[in-house]
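Numbers for residues simply follow the sequence, beginning at 1. Scope of the values below: all heavy atoms of this structure, side chains included, with no hydrogens, waters or symmetry mates.
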Amino acid sequence: MEEFDVHKFKQEQITLIEENLRTIKDVDVLLENILSGARKIVNADAGSIYEYDSKENLLRIRYSQNDTLQSKLGKGEKLPYVSYTLLPSSQSIAGYCVLSKKIINIPDVYNLEPNITNSNGEVISCPFEFNKESDIKTGYHTKSMLTIPLIMTNGKVLGVLQIINARDDFGNPVPFDKDSEFFITQFANKVGSIYEYAYLTRLNIDRLVRMAGFRDPRETGAHVERVSSFALEIYDRYAANKNIPEKVRNKFRDNLRLAARCHDVGKVAVPDEILKKEGILDEDERDIMKGHTCVGAQIFTPIENETDQMIRDVCLHHHDRWDGGDKGYPGNYNYMDYIPETKMPHCIEQELKGEDIPLAARIVSLADVYDALRHKRCYKREWTEKDTFQEIADQSGQQFDPELVKAFFQIKDRLEDINRSIDNL
């Protein structure tokens with residue numbers, strides 16, 4: 001019988017994970033999957049991934065995973081939303097990793113040695129401390145930790161991968177061994193270029209969104225970030241409720257994140273006197289404003305791939321109503337016929353309703369309205385949580401897909417956490 005080759009198995013595992021990662025376009029979805037892949041390679045119980053903003057010199061935690069804590073939750077439930085930033089410094093483990101661009105392997109974070117050996121074999125005095133706050137809050141016990149920088153081909157640090165508690169065959173936490181360091185180093189080198197590509201894709205999308213934001217003072221970067229985050233959370237819960245297969249779910253959510261960011265790019269073609277008006281629009285102004293849906297769809301036509309298709313659908317249909325009511329638009333109107341800065345037909349004769357409205361557009365519609373209600377605009381005050389939730393409940397089956405509203409209310413506390421966290425960034 002052929003002897004089992006661990007190294008060969010790990011290499012094949014890394015290659016397979018790498019191939020799957022290359023299909024992901026959105027940087028946030030990619031980060032989640034990089035973290036999952038790294039944990040799988042070294043059989044780690046938990047981990048976090050940080051994004052490094054070199055312009056602001058900030059480390060921002062983007063995703064955390066923890067199998068032990070997750071196992072205590074029900075179907076479709078997630079761990080509490082965590083988001084915070086820190087200045088990279090040698091006093092924190094993740095900060096030291098960014099500054100040194102070195103892997104840090106700690107056998108026991110509660111018993112740090114006065115001297116450590118870095119990935120180059122150099123012995124240095126240990127400059128950092130372990131922050132116990134998360135363990136105290138969750139009741140989890142962190143032991144071993146492997147922290148790896150994610151670096152672009154030009155040497156720029158994009159982020160930090162931190163994986164926690166390697167497990168033995170019985171599930172007990174053990175230190176990460178030299179093989180784990182070797183395989184994770186290989187993995188980090190491979191995903192660095194994948195991360196770089198997704199980062200540049202996001203950068204181009206964000207430039208388009210920022211251009212629309214310069215035109216419309218209400219469409220801030222925080223609004224776009226919130227709507228895309230809300231949309232992803234609503235879909236995740238909806239997909240769990242519907243038992244949508246993981247492969248289908250992952251592909252959809254990858255495109256959804258990008259599509260949600262672009263939902264209002266068509267506003268670049270709305271005249272300033274309407275876009276920047278202080279107060280409520282009159283009927284003629286509203287009919288011109290409606291044209292932003294068609295312009296957004298025109299920007300993403302012709303359709304080159306599934307991402308373009310979803311972005312076009314979201315731009316075009318995120319104001320259509322589930323019940324097909326006359327307040328929804330543009331319905332089945334031929335968007336390519338629309339001329340920017342002109343009035344859309346006031347009454348849509350070819351309505352679009354129910355499941356004929358693309359799922360992604362139905363999701364973004366709910367996420368967008370939730371965000372608009374919870375934030376002050378030049379023409380209205382910020383609504384309270386209670387009033388916002390009541391309005392969304394009242395619009396179930398009218399403006400919104402009832403199944404999406406159900407998913408929304410299952411995660412409403414998490415959505416409020418995200419709302420507060422992004423506002424504070």
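- Under the ring pair (Phe, Tyr, Trp, His ring centres under 6.0 Å) test applied with Tyr329, the options His319, His317, His318 reduce to a single match, His319.
- When the shell of 6.0 Å around NZ of Lys78 is examined, it contains more than 12 heavy atoms from other residues, nucleotides or ligands.
- Counting only heavy atoms from C-beta outward, the side chains of Lys75 and Asn241 never approach each other to under 4.5 Å.
- With values rounded to the nearest 0.5 angstrom, Arg22 atom CZ is found 11.5 Å from Asn20 atom CG.
- Annotation for Ser365 and Asp320: closest pair OG-O, 4.5 Å, computed over non-hydrogen atoms.
- Counting heavy atoms from C-beta outward, Val248 and Pro245 have side chains that approach closer than 4.5 Å.
- Of the inter-residue distances, the one linking Asn419 atom CG with Asp371 atom CG reads 6.5 Å to the nearest 0.5 angstrom.
- The ring-ring contact (aromatic ring centres under 6.0 Å, His included) contacts involving residues 146-174 comprise nothing, where partners must be two or more places apart or lie in separate chains.
- Judged purely by atom type and a 3.5 angstrom limit, Asp168 uses its side chain to pair as donor or acceptor with the backbone of Asn172.
- Gln162 and Thr147 share a donor-acceptor pair across their side chains, judged by distance under 3.5 Å alone.
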Worked verdict on Gln298 versus Arg312 for side-chain contact (heavy atoms from CB on, under 4.5 Å): CA-CA 8 Å; Gln298 288 173 5; Arg312 190 208 66 169; over 6 Å; no

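- Using bins of under 30°, 30° to 60° and over 60° for the plane-to-plane angle, the ring pair Phe130/Tyr110 lands in the perpendicular bin.
- Using a cutoff of 4.0 Å between basic side-chain nitrogens and carboxylate oxygens, Arg253 and Glu32 are scored as salt-bridged.
- Salt bridge absent: Glu351 and Arg321 never bring a charged side-chain N and a carboxylate O closer than 4.0 Å.
- Closest non-hydrogen pair, Ser229 versus Ile418, comes out as CB-CG2, 3.9 Å.
- Asn332 contributes no side-chain N or O that, together with a main-chain N or O of Leu352, makes up a donor-acceptor pair within less than 3.5 Å.
- Here Lys343 pairs with Asp284 in a salt bridge; the nearest charged N to carboxylate O distance falls below 4.0 Å.
- What you find for Asp308 and Pro302 is that their closest heavy atoms are OD2-O, 4.1 Å.
- Atoms CG and CD1, on Leu366 and Ile392 in that order, are 5.5 Å from each other to the nearest 0.5 Å.
- Between Leu86 and Leu58, every side-chain heavy-atom pair lies at or beyond the 4.5 Å cut-off.
- Nearest heavy atoms, Ala188 versus Pro149: CB-O, 4.3 Å.
- Ion pairing of Lys143 with Asp108 is present here, as a side-chain N (NZ or NE/NH1/NH2) and a carboxylate O approach within less than 4.0 Å.
- Glu403 and Lys242 are joined by a salt bridge, as a carboxylate oxygen and a charged side-chain nitrogen come within less than 4.0 angstrom of each other.
- Between Asp28 and Arg202, at least one side-chain nitrogen of the basic residue sits less than 4.0 Å from a carboxylate oxygen of the acidic one, meeting the salt-bridge criterion.
- Around the NZ atom of Lys10, the shell of radius 6.0 Å holds more than 12 heavy atoms that belong to other residues, nucleotides or ligands.
- The environment of Ile339 atom CD1 is sparse: at most 12 non-hydrogen atoms of other residues, nucleotides or ligands sit within 6.0 angstrom.
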For Lys190 and Tyr195: C-alpha separation, side-chain torsions, deciding distance, then whether side-chain hydrogen bond (donor to acceptor under 3.5 Å, both in side chains) applies. CA-CA 9 Å; Lys190 288 177 180 289; Tyr195 187 2; over 6 Å; no

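- Annotation for Leu161 and Ala38: closest pair CD2-CB, 3.5 Å, computed over non-hydrogen atoms.
- Salt-bridge formation is not detected for the pair Glu385/Lys412: no Lys NZ or Arg NE/NH1/NH2 atom is positioned less than 4.0 Å from an Asp or Glu carboxylate oxygen.
- Note: Tyr238 and Tyr235 have tilted aromatic rings, judged against thresholds of 30 and 60 degrees for the angle between ring planes.
- Between Arg414 and Asp417, no side-chain nitrogen of the basic residue sits less than 4.0 Å from a carboxylate oxygen of the acidic one, so the salt-bridge criterion is not met.
- Of the N and O atoms on the side chains of Lys290 and Tyr338, not one donor lies less than 3.5 Å from an acceptor on the other residue.
- Annotation: side chain of Phe408 is in contact with side chain of Phe389 (closest heavy-atom distance under 4.5 Å).
- Judged by distance alone, the side chains of His292 and Asp264 do bring a donor and an acceptor atom under 3.5 Å apart.
- A salt bridge links Arg167 with Asp67; the closest basic N to acidic carboxylate O contact falls under 4.0 Å.
- The side-chain heavy atoms of Ser90 and Phe128, taken from C-beta on, include no pair separated by under 4.5 Å.
- Rounded to the nearest 0.5 Å, atoms CD (Gln65) and CD1 (Ile49) are 8.5 Å apart.
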Go through Asn250 and Val29 one step at a time and tell me if the side-chain contact (heavy atoms from CB on, under 4.5 Å) criterion holds. CA-CA 8 Å; Asn250 288 342; Val29 176; over 6 Å; no

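- Residues Ser89 and Tyr96 have side chains that never bring a donor and an acceptor to within less than 3.5 angstrom of each other.
- Put simply, CG on Leu59 and OH on Tyr84 are 9.5 Å apart, with the number rounded to the nearest 0.5 Å.
- Around the CG atom of Asp169, the shell of radius 6.0 Å holds no more than 12 heavy atoms that belong to other residues, nucleotides or ligands.
- Glu273 has no carboxylate O lying under 4.0 Å from a charged side-chain N of Lys277, or vice versa, which leaves the two without a salt bridge.
- A donor-acceptor pair under 3.5 Å links the side-chain atoms of Arg237 to the main chain of Gly76, judged by distance alone.
- Side-chain contact between Ile14 and Ile17 is absent, with no heavy-atom pair separated by less than 4.5 Å.
- A salt bridge links Lys251 with Glu306: at least one charged nitrogen is closer than 4.0 Å to a carboxylate oxygen.
- At least one side-chain heavy atom of Leu150 sits under 4.5 Å from a side-chain heavy atom of Val191.
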Criterion salt bridge (charged side-chain N to carboxylate O under 4.0 Å, His left out) on Asp323 and Lys353, from CA distance to verdict: CA-CA 5 Å; Asp323 63 3; Lys353 64 180 181 178; over 6 Å; no

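- The nearest pair of heavy atoms linking Pro340 to Val295 is CG-CG2, 4.1 Å.
- Cys294 is listed as a side-chain neighbour of Met344, based on a closest heavy-atom distance under 4.5 Å.
- Counting heavy-atom neighbours within 6.0 Å of Asp326 CG, excluding the residue itself, gives a total of 12 or less.
- Separating the CG atom in Leu146 from the OG atom in Ser180 is a distance of 7.0 Å, to the nearest 0.5 Å.
- Looking only at distances, no side-chain donor or acceptor of Glu19 sits under 3.5 Å from a matching main-chain atom of Leu16.
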Kindly indicate, with the supporting measurements, whether the criterion salt bridge (charged side-chain N to carboxylate O under 4.0 Å, His left out) is fulfilled by Arg374 and Glu416. CA-CA 9 Å; Arg374 289 292 287 123; Glu416 280 294 310; 3.0 Å; yes

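- The number of heavy-atom neighbours closer than 6.0 Å to CD of Gln11, taken from other residues, nucleotides and ligands shown, is above 12.
- A donor-acceptor pair under 3.5 Å is absent between the side-chain atoms of Asn255 and the main chain of Met310, judged by distance alone.
- No side-chain donor from either of Asn33 and Tyr63 sits under 3.5 Å from a side-chain acceptor of the other.
- For the residue pair Asp394/Gln390, the side-chain donor-acceptor check at 3.5 Å is satisfied.
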